[in-house]
Participant: 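Below you will find the structure I want to go over with you.
The chains referred to below are lettered A, B, ... by the order of the sequence lines, with proteins before strands, and numbering in each begins at 1. None of these values were measured; they are calculated from a predicted model. Hydrogens, waters and symmetry mates play no part in the numbers below; they use all other heavy atoms, side chains included.
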Amino acid sequence: MSLRIYNTLSGKKEEFQPLVPGKVGMYVCGVTVYDYCHIGHARANIVFDIIFRYLHFAGYDVTYVRNYTDVDDKIINRANERGIDSKELAEEFIRAFDEDMETLGLAKPTYEPRATEYIDEIIVICNILIDKGMAYASGGDVYYRVDKFNDYLKLSKRNMEEMQAGARIAPGEQKENPMDFALWKAAKPGEPSWESPWGPGRPGWHIECSAMSSSLLGDSFDIHGGGRDLIFPHHENEIAQSEAANEKPFAKYWVHNGFVNVNQEKMSKSLGNFFTIRDIVNTFDPEVVRFFILTAHYRSPIDFSDGNLEDAASGLSRFYEALQAAAEAVEGCPENDVASELGAQLEAKFREAMDDDFNTALAIGHLFEGARTMNRLIGEKKFRKKADLVANVRDLHRTVLKLGEVIGLFGSDPHSWLETFKLAGLSSLGITVEEIESQITERLQARKDKDFARSDEIRDELEVRGIMLLDSREGTTWKLK
RNA sequence: GGCCCCGUCGCCAAGUGGUAAGGCAGCGGUCUGCAACACCGUUAUCACCAGUUCGAAUCUGGUCGGGGCCUCCA
């Protein structure tokens, strides 16, 4: 089965056929750099990260562009509030964004252009649109003539009459039509500006993406992505600008990720339920955050809550436990020539899931089954002496790691990940490793002495405090309850 | 008001015409001094109503409930 992608433009899943066989051009709207990124940005970027990774895994030569919008009203306002230069502010938050994305384990896009690096290209597009009568200069601004573009609103599927009821012309704007939007804005005193045929000014919000995408990917390219909220007006306006200027279809597939709610409510600053990535990774492992996001389909809304994140942590630790057990089980076993089909079977299911509009939730379900199969095989009697079982576990182990990497998971060493996970939980329980170790030592002695009453007492005490003891042939270990 | 989405086991979550993946929790086993871990087994007819169909969670209409966009927003 080939790859199918849900296209916002058509409203349905379509078979993916790139413009140039074997190659994919993908543009994703990045962030406006005026503040720290929140969990919603984390989701959007993780979603497109796995799309990028999966396309690459599926054999495509992918060019992935994700921009920084580094000039905009919000940046200027924030910089003014802080009394610093807007360029300085943008630099600060570009750095913060890069750090956050690295923390979340995102692969680097092929290009990460900045709007301010494409001012010349932006001016060229404005000129073309003016020459074609699609745009007009007015008092140092340049506006797009929305009613000249027949396909306007084809992405968001709205209609003009109704839109116009809510549209208005802000003070200082000199538009012919309230629906028209700015391609270029005249600079007010103290604002960052660039020379242009219409006087000093700066780009409007949407034009930079038209400029950057066509410069780096060509006038037509395969995939354009972003959050749902960008469908209107941002992406609609990009289509209007690019298609009118180039007279070619813009992006072929439009992909939009769903929102993140917080405790069942829309995340918003006014509700005070705004979580930055920095806040979250103080409490939760970044990989847990990624795992949580990928356990739902990218177009569904997800609910961010402590409980859901804790569930995700349990799920991820199940994988790491299985991965660790598998590595230990086959360690030192001689290599053999026994063939195993299990890895290939798992990979086939994984691909089938991912080919269906990047269904990571289903894909992870299959990986869980792979983990369970490993555990089952390892548990069989005389496992290490059975070449076929060893071969199966080796195969599955390698496959789970390989497929995990495609969705950015399981990249840590299982032992250290599990240790870190345990230690992180300890601080909230008010108990130290030394304390636990000494209890284990005491209990071991009690067990040797067959003093099971004392032994059980120690175990129960620890359990009440949130620590679970695990006895095995090699000794006693512990984990968080 | 306009446009759009959703309602699947206690919780999370796949499934979009052929009789319901997976995870967490639960229950019954195996293992264990007893447990835990792991494994095995087990647990839903899909908000409601009416249609279409040989057959629907999946299509159509309606009802109820929840949410989003229409202004900056991932």
Side-chain angles (χ1 to χ4, degrees), chain A residues 8 11-13 28-32 34-35 37-48 72-74 77 153 156-159 161-168 170 205 225-234 256-261 264-269 291-292 295-303 305 307-316 318-319 321-322 325 349 353 356 359-381 447 450-453 455-456 459-460 462-463 467-473 476-479 481:
Chain A
T8 306
K12 50 191 176 222
K13 283 184 201 171
V28 174
C29 290
V31 286
T32 299
Y34 72 105
D35 205 344
C37 288
H38 53 65
I39 179 70
H41 296 110
R43 183 182 197 191
N45 284 285
I46 286 170
V47 162
F48 289 103
D72 153 278
D73 289 345
K74 291 190 292 293
N77 292 341
L153 304 180
S156 55
K157 300 168 177 62
R158 300 163 196 270
N159 75 67
E161 293 71 48
E162 282 148 6
M163 297 292 296
Q164 277 169 336
R168 62 189 60 182
W205 174 32
R228 288 192 79 79
D229 49 343
L230 295 182
I231 295 172
F232 186 88
H234 187 53
H256 294 99
N257 64 274
F259 280 107
V260 177
N261 295 133
Q264 327 239 44
E265 285 179 312
K266 179 188 157 90
M267 181 170 68
S268 77
K269 284 184 176 163
F291 187 82
F292 164 67
T295 50
H297 186 85
Y298 77 87
R299 282 188 281 118
S300 311
I302 50 172
D303 189 41
S305 68
N308 287 346
L309 266 286
E310 280 157 18
D311 282 355
S314 310
L316 221 210
R318 178 168 162 79
F319 276 111
E321 278 165 10
K349 286 183 173 180
D356 186 9
N359 193 336
T360 52
L362 219 207
I364 287 173
H366 293 318
L367 295 180
F368 266 117
E369 291 182 48
R372 180 170 4 110
T373 304
M374 285 195 289
N375 283 330
R376 188 180 67 232
L377 296 175
I378 293 164
E380 291 204 16
K381 289 199 168 47
R447 294 183 73 203
K450 299 268 191 261
D451 181 1
F452 293 120
S455 161
D456 289 352
R459 190 178 61 208
D460 293 345
L462 283 173
E463 190 173 339
I467 302 299
M468 213 90 110
L469 295 185
L470 288 72
D471 295 330
S472 74
R473 275 173 244 89
T476 299
T477 55
W478 58 274
K479 65 183 278 187
K481 195 173 171 185

Participant: Does a distance-only test, which skips hydrogens and angles, find a donor-acceptor pair under 3.5 Å between the side chain of A:Arg459 and the base of B:A35?
Facilitator: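 Donor-acceptor pair under 3.5 Å: yes.
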Participant: Partner lookup for B:C9, please. Criteria are Watson-Crick or G-U wobble with both distances under 3.5 angstrom; report none if nothing qualifies.
Facilitator: none
Participant: Can you figure out which of B:A14, B:G23, B:C69 approaches the side chain of A:Phe368 most closely?
Facilitator: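 Of all the options, the side chain of A:Phe368 is nearest to B:G23.
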Participant: Check every atom of B:G23, B:A13, B:G2 against the side chain of A:Ala296 and return the nucleotide holding the closest atom.
Facilitator: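 From the listed options, B:A13 comes nearest.
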Participant: Nearest of B:A74, B:G23, B:C4 to any side-chain atom of A:Arg228?
Facilitator: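 Looking only at heavy atoms from C-beta outward on A:Arg228, the closest nucleotide is B:C4.
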Participant: What nucleotide, of B:G2, B:G33, B:A14, holds the atom closest to the side chain of A:Asn359?
Facilitator: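 Within the option list, the nearest is B:A14.
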Participant: Quick check for you: among B:C34, B:C39, B:U16, whose closest atom lies nearest to any side-chain atom of A:Arg318?
Facilitator: B:C39
Participant: If I take atom CG in residue A:Asn308 and atom C1' in nucleotide B:C24, what distance separates them, rounded to the nearest angstrom?
Facilitator: 11 Å
Participant: Can you tell which of B:A74, B:C70, B:C40 lies closest to the side chain of A:Arg376?
Facilitator: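 So the nucleotide nearest the side chain must be B:C40.
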Participant: Checking contacts here: which listed nucleotide (B:C24, B:G33, B:A74) is nearest the side-chain heavy atoms of A:Phe452?
Facilitator: B:G33
Participant: Counting side-chain heavy atoms from CB outward, which of B:A74, B:C24, B:C70 is closest to A:Val31?
Facilitator: B:A74
Participant: Considering only the C1' atoms, how many Å lie between B:U71 and B:G66, rounded to the nearest integer?
Facilitator: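 Rounded to whole Å, the distance is 24 Å.
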Participant: Which whole number of Å gives the distance between the C1' atom of B:U32 and that of B:C37?
Facilitator: 11 Å
Participant: Regarding B:G33, can its base be found pairing with the side chain of A:Ser455 as donor and acceptor, where the two atoms are less than 3.5 Å apart?
Facilitator: yes
Participant: Just compare B:C39, B:C34, B:A21 and give me whichever is closest to any side-chain atom of A:Asp456.
Facilitator: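 Output: B:C34.
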Participant: Looking at B:U16, B:A13, B:A38, which one has an atom nearest to any side-chain atom of A:Glu321?
Facilitator: B:A38
Participant: Taking the P atom of each, how far is B:C39 from B:A25, in whole Å?
Facilitator: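 After rounding to an integer number of Å, I get 12 Å for this pair.
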Participant: Taking atom P in both B:G23 and B:C64, compute the distance separating them and give it to the nearest angstrom.
Facilitator: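 Those two atoms are separated by 38 Å.
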Participant: Using the P atom on both, measure B:G29 against B:C34 and round to a whole Å.
Facilitator: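 About 14 Å, rounded to a whole number of Å.
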Participant: When rounded to the nearest Å, what value does the distance between P atoms of B:C49 and B:A57 take?
Facilitator: 13 Å
